[in-house]
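Just follow the structure's listing: the first ligand is 1, and inside any ligand the first atom is 1. The structure presented is a predicted model; accordingly, all values stated were derived computationally and were not measured.
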Amino acid sequence: MKTAMITGASRGIGLAIAARLQQDGCNVAILDLAEESAAEANMNAAGLEKQRRLYLRGDVTRQDCRDAFLQQTVERFGEVNILVNNAGVAPRVRADLLDMSEESFDFVLGVNVKGNLGMSQTVARHMLARPLTGRRRGVIVNVSSCSAYATSTNRGEYCVSKAGVSMLTQLFADRLAEEGVNVFEVRPGIIATDMTAGVKEKYDDLILNKGILPIRRWGTPEDVAGAVSLLCDERLCYCTGDVLNVDGGFHIQRL
Ligand SMILES: NC(=O)c1ccc[n+]([C@@H]2O[C@H](COP(=O)([O-])OP(=O)(O)OC[C@H]3O[C@@H](n4cnc5c(N)ncnc54)[C@H](O)[C@@H]3O)[C@@H](O)[C@H]2O)c1
């Protein structure tokens with residue numbers, strides 16, 4: 001049985017990914033900042049089986065948390081086959097690019113880029129310490145965003161961070177290609193979660209009235225989870241560094 005480590009999975013997209021990968025037959029281990037009681041309630045509601053899940057409350061920006069996450073996962077399930085770098089934050093305040101604070105830049109880049117980098121380093125070292133049998137040692141999936149290429153001048157630090165996640169995907173895909181670890185990027189568009197709850201009216205208008213998305217509906221966490229599940233399939237073992245847009249066609253340039 002395979003084991004997947006997923007960051008930021010106490011709710012939203014990460015939780016849906018954890019549920020999907022468990023349905024695919026994986027044990028799942030989750031690292032998240034959320035209180036254990038809240039996370040447990042969400043995991044139960046999502047149908048995550050207790051016997052095949054582990055929850056650790058911790059911060060992806062801290063190396064001691066990343067190490068503890070790996071150690072506890074290996075102690076419980078034996079080895080790690082899949083890492084999904086999903087934890088991410090938007091700026092606490094949307095400020096114009098000219099007013100973006102250094103603190104906000106550090107906060108967003110810290111979670112979205114440094115946390116992603118540190119998790120990939122930590123888990124890749126573990127994967128490489130095991131012998132390669134077959135074609136694949138493991139898979140790393142990074143959850144970026146359409147903001148990796150689409151500008152929002154009132155949350156520039158988020159856009160910069162997601163462009164950084166795209167480059168991390170390319171870097172790790174290149175470095176780990178010969179080691180049997182495939183690295184992919186999932187690029188969600190506009191997905192209905194707590195992260196977008198505060199801007200629901202704005203996106204309702206853009207999606208339903210203005211037709212900003214070729215597929216005229218909000219994305220769901222399950223839409224993203226399905227894409228992650230596909231990328232973890234061994235049939236993609238000759239692919240690495242690819243981007244899968246999960247955005248209702250938002251990335252298509254239209255006239
Ligand atoms: N919702 C969208 O429209 C959308 C679109 C594109 C990309 N994304 C990306 O998808 C990912 C998940 O987003 P979501 O919409 O589910 O957001 P969310 O806010 O609902 O969930 C994010 C989770 O990450 C956790 N987290 C935050 N900081 C953390 C840290 N330092 N250490 C550990 N866990 C931490 C939070 O506690 C939360 O459970 C993020 O990377 C986000 O940038 C979301």
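- Within the structure, the closest approach of G58 to ligand 1 falls below 4.0 Å when heavy atoms are considered.
- At a 4.0 Å cut-off, at least one heavy atom of K162 sits close enough to ligand 1 to count as contact.
- Annotation for ligand 1: atoms under 4.0 Å from non-hydrogen atoms of S10 are 39 (O).
- Scanning all protein heavy atoms for the shortest distance to atom 17 (O) of ligand 1 gives M195 CB, 3.6 Å.
- Between Y158 and M195, the shortest heavy-atom contact is OH-SD, 4.1 Å.
- Nearest protein heavy-atom contact of atom 43 (O) of ligand 1 is Y158 OH, 2.6 Å.
- When the heavy atoms of P188, A9, G8 are ranked by distance to atom 23 (C) of ligand 1, first place goes to G8.
- Side-chain contact check for T7 and D32: no donor-acceptor pair (N or O, by modelled atom type) lies under 3.5 Å.
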Problem - side chain to side chain donor-acceptor pair (under 3.5 Å) between N81 and E79, intermediate numbers included - result: CA-CA 7 Å; N81 314 93; E79 62 175 22; 3.2 Å; yes
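- Scanning all heavy atoms of the two residues, the minimum distance from L236 to L230 falls at CD1-O, 3.5 Å.
- Every atom of ligand 1 with a heavy atom of G88 under 4.0 Å away is listed here by number and element: 22 (C), 40 (C), 41 (O).
- The single protein non-hydrogen atom nearest to atom 19 (O) of ligand 1 is R11 NH2, 2.7 Å, given as residue, atom name and distance.
- Residue, atom and distance of the protein heavy atom nearest to atom 30 (C) of ligand 1 are L33 CG, 3.6 Å.
- Between atom 16 (O) of ligand 1 and the options I190, T7, I13, the minimum heavy-atom separation is to I13.
- The option with the heavy atom closest to atom 36 (C) of ligand 1, from among N42, V165, D32, is D32.
- Residues M5 and L70 meet the side-chain proximity criterion, which asks for heavy atoms closer than 4.5 Å.
- The environment of CD1 in I215 is sparse: at most 12 heavy-atom neighbours from other residues, nucleotides or ligands sit within 6.0 Å.
- The distance from ligand 1 to the heavy atoms of G12 drops below 4.0 Å at these ligand atoms: 16 (O).
- Closest protein heavy atom to atom 14 (P) of ligand 1: T193 OG1, 3.7 Å.
- Counting only N and O atoms by type, the side chains of N27 and R53 include no donor and acceptor under 3.5 Å apart.
- Among all non-hydrogen protein atoms, the one lying nearest atom 3 (O) of ligand 1 is I191 N, 2.9 Å.
- Contact annotation: T196 has at least one heavy atom less than 4.0 Å from an atom of ligand 1.
- Contact of the P91 side chain with the M100 side chain is not registered, since no non-hydrogen atoms from C-beta on lie closer than 4.5 Å.
- In terms of heavy atoms, R135 sits closest to C237 at CD-SG, 3.7 Å.
- The single protein non-hydrogen atom nearest to atom 40 (C) of ligand 1 is N86 O, 3.2 Å, given as residue, atom name and distance.
- The closest approach between a heavy atom of A192 and any atom of ligand 1 is not below 4.0 Å.
- A side chain to side chain contact (heavy atoms under 4.5 Å, CB included) with H126 holds for exactly one of V80, T73, L83; it is V80.
- In this structure, S144 is part of the shell of residues with a heavy atom less than 4.0 angstrom from ligand 1.
- When only non-hydrogen protein atoms are considered, atom 32 (N) of ligand 1 lies nearest to V60 N, 2.9 Å.
- Judged by distance alone, the side chains of E35 and S10 never bring a donor and an acceptor atom under 3.5 Å apart.
- Judged by distance alone, the side chains of N154 and D96 never bring a donor and an acceptor atom under 3.5 Å apart.
- When each atom of ligand 1 is checked for a heavy atom of D59 under 4.0 Å away, the hits are 30 (C), 31 (N), 32 (N).
- Taking the side chain as every heavy atom from C-beta outward, F184 and V139 approach each other to under 4.5 Å.
- Within ligand 1, counting atoms from 1 as listed, the ones closer than 4.0 Å to a heavy atom of V89 are 27 (C), 28 (N).
- Counting the atoms of ligand 1 from 1 in the order shown, those under 4.0 Å from a heavy atom of G189 are 3 (O), 5 (C), 6 (C).
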